Amino acid sequence: MGYILLLDNQKRWAITPELLKERFEKISNDFDILRIENSERPYSHEFIIRDKNIEGFLHKDGDSIHIDGQFEECLKLALDIRNIIPSDESVLFFDSSYNYNTVLEPTTTIEQLKNIFT
């Protein structure tokens with residue numbers, strides 16, 4: 001299943017590959033972040049977290065991340081990424097089919113996300 005984490009900030013703040021690397025180093029020993037060279041694609045980087053069976057993409061603008069993987073691992077990763085985003089930034093989280101969505105607050109829990117997305 002796919003999920004999208006979107007900064008709703010009008011370009012005030014951006015997620016960078018360096019910030020992702022810093023966060024991934026805290027949660028995994030087996031990951032890669034690869035630069036995407038194809039300028040026609042909307043993404044700047046692809047990431048793979050092998051020990052969590054997750055892959056995803058960072059948008060060129062740094063305003064969104066697409067996450068694919070197992071349900072609970074994707075939710076955990078979304079919360080981990082939320083922790084690197086300033087608390088005053090609005091962060092939206094939704095499934096790739098746009099059936100479910102929520103605002104990710106710094107205090108959002110895994111249980112709250114499970115209740116929304118199931």
Side-chain angles (χ1 to χ4, degrees):
M1 180 63 134
Y3 299 90
I4 300 167
L5 186 144
L6 175 68
L7 293 173
D8 187 26
N9 67 7
Q10 313 289 321
K11 306 278 184 233
R12 292 185 309 169
W13 197 85
I15 301 167
T16 65
E18 295 78 21
L19 287 172
L20 287 180
K21 181 179 185 283
E22 190 176 299
R23 177 52 67 177
F24 292 173
E25 286 173 342
K26 294 180 180 181
I27 63 170
S28 174
N29 294 321
D30 191 11
F31 71 90
D32 282 314
I33 300 174
L34 309 167
R35 181 164 186 74
I36 296 173
E37 300 297 331
N38 184 342
S39 63
E40 294 180 16
R41 294 196 60 197
Y43 309 107
S44 65
H45 291 79
E46 174 182 13
F47 59 86
I48 301 165
I49 307 173
R50 289 178 195 82
D51 55 347
K52 301 196 181 299
N53 294 316
I54 290 177
E55 61 183 16
F57 299 92
L58 173 63
H59 195 274
K60 285 179 181 177
D61 294 337
D63 64 355
S64 67
I65 294 178
H66 295 246
I67 305 168
D68 288 306
Q70 296 175 338
F71 175 68
E72 193 162 334
E73 292 297 335
C74 288
L75 300 184
K76 287 178 187 176
L77 181 61
L79 292 175
D80 279 328
I81 293 170
R82 176 60 178 111
N83 286 325
I84 65 173
I85 299 169
S87 61
D88 63 337
E89 294 292 341
S90 178
V91 179
L92 307 176
F93 186 65
F94 42 95
D95 65 338
S96 58
S97 60
Y98 304 103
N99 290 320
Y100 303 98
N101 64 78
T102 190
V103 174
L104 278 185
E105 301 290 346
T107 57
T108 301
T109 66
I110 189 80
E111 291 305 319
Q112 289 171 320
L113 287 179
K114 285 181 185 178
N115 288 336
I116 292 167
F117 286 88
T118 55

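As the structure is a computational prediction, the values presented were derived from the model and not from experiment.
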Item to complete: May I ask whether Leu7 and Ile4 are part of the same hydrophobic cluster, defined by side-chain heavy atoms of I, L, V, M, F, W, Y residues being less than 4.5 angstrom apart, directly or through others?
Response: no

Worksheet item: Is the closest side-chain heavy-atom distance between Asp32 and Arg50 below 4.5 Å?
Response: yes

Discussion item. Is there a continuous path of hydrophobic side-chain contacts, each under 4.5 Å between heavy atoms, that joins Ile27 to Leu75?
Written reply: yes

Item to complete: Give the intermediate values and the outcome of side chain to side chain contact (heavy atoms under 4.5 Å, CB included) for residues Phe57 and Ile67.
Response: CA-CA 7 Å; Phe57 299 92; Ile67 305 168; over 6 Å; no

Worksheet, complete the sentence: dist Ile48:CD1 -> Asn53:CG (nearest 0.5 Å) comes out at 11.5 Å

Discussion item. Are Lys76 and Ile110 packed together at the side-chain level, in the sense that at least one heavy-atom pair is separated by less than 4.5 angstrom?
Written reply: yes

Discussion item. Working note: Phe47 + Phe31, criterion ring-ring contact (aromatic ring centres under 6.0 Å, His included); need CA distance, chi angles, decisive distance, verdict.
Written reply: CA-CA 7 Å; Phe47 59 86; Phe31 71 90; 9.4 Å; no

Worksheet item: Any side-chain heavy-atom pair from Asn83 and Arg23 closer than 4.5 angstrom?
Response: yes

Practice prompt. Indicate the ring-plane relationship of Tyr43 and His59, choosing parallel, tilted or perpendicular according to the 30° and 60° boundaries.
Written response: perpendicular

Fill in: Considering all heavy atoms, the nearest Glu89-Ile85 contact
CB-CG2, 3.6 Å

Worksheet item: Can you tell if the side chain of Pro17 reaches within under 4.5 Å of the side chain of Leu58, non-hydrogen atoms only?
Response: yes

Fill in: Heavy-atom side-chain contact between Arg35 and Glu37 under 4.5 Å
yes

Worksheet item: Roughly how far, to the nearest 0.5 Å, is the OG atom of Ser96 from the CE atom of Met1?
Response: 5.5 Å

Worksheet, complete the sentence: Shortest non-hydrogen pair, Ala78 vs Phe93, comes out as CB-CE1, 3.4 Å

Worksheet item: For the hydrophobic clusters of this structure (ILVMFWY residues joined by side-chain heavy atoms under 4.5 Å, transitively), does one cluster hold both Leu20 and Ile36?
Response: no

Practice prompt. Take Phe94 and Tyr100 through the test ring-ring contact (aromatic ring centres under 6.0 Å, His included) and record every step on the way to the result.
Written response: CA-CA 6 Å; Phe94 42 95; Tyr100 303 98; over 10 Å; no

Discussion item. Between Asp61 and Asp63 (side chain of the first, backbone of the second, donor and acceptor by atom type, cut-off under 3.5 Å), is there such a pair?
Written reply: no

Worksheet item: Going by an N to O cut-off under 4.0 Å, is there a salt bridge joining Glu72 and Lys114?
Response: yes

Fill in: Verdict with reasoning, Asn115 to Phe117, per side chain to side chain contact (heavy atoms under 4.5 Å, CB included)
CA-CA 6 Å; Asn115 288 336; Phe117 286 88; over 6 Å; no

Worksheet entry | Side chains of Thr102 and Leu113 in contact at under 4.5 Å (non-hydrogen atoms) | yes

Worksheet item: Any side-chain heavy atom of Trp13 sitting closer than 4.5 Å to one from Pro86?
Response: yes

Discussion item. Starting from Leu6, can I reach Leu104 by hopping between I/L/V/M/F/W/Y residues whose side chains sit under 4.5 Å apart?
Written reply: no

Worksheet entry | side chain to side chain contact (heavy atoms under 4.5 Å, CB included) evaluation trace for Leu92 with Asn101 | CA-CA 7 Å; Leu92 307 176; Asn101 64 78; over 6 Å; no

Worksheet item: Are Leu19 and Ile49 linked, directly or through other ILVMFWY residues, by side chains that come within less than 4.5 angstrom of each other?
Response: yes

Discussion item. Within the supplied structure, the quantity of interest is the number of heavy atoms (other residues, nucleotides, ligands) at a distance under 6.0 Å from Asn29 CG; does it exceed 12?
Written reply: no

Worksheet item: For the atom pair CG (Leu77) and CD (Gln70), what is the distance rounded to the nearest 0.5 Å?
Response: 13.0 Å

Worksheet item: Quick one: are Arg82 and Pro106 in side-chain contact, heavy atoms under 4.5 Å?
Response: yes

Worksheet item: Out of curiosity, Asp8 CG to Ser64 OG, how far, rounded to the nearest 0.5 Å?
Response: 12.0 Å

Worksheet item: Can a donor-acceptor pair be found between the side chains of Asp95 and Ser97 at a distance below 3.5 Å?
Response: yes

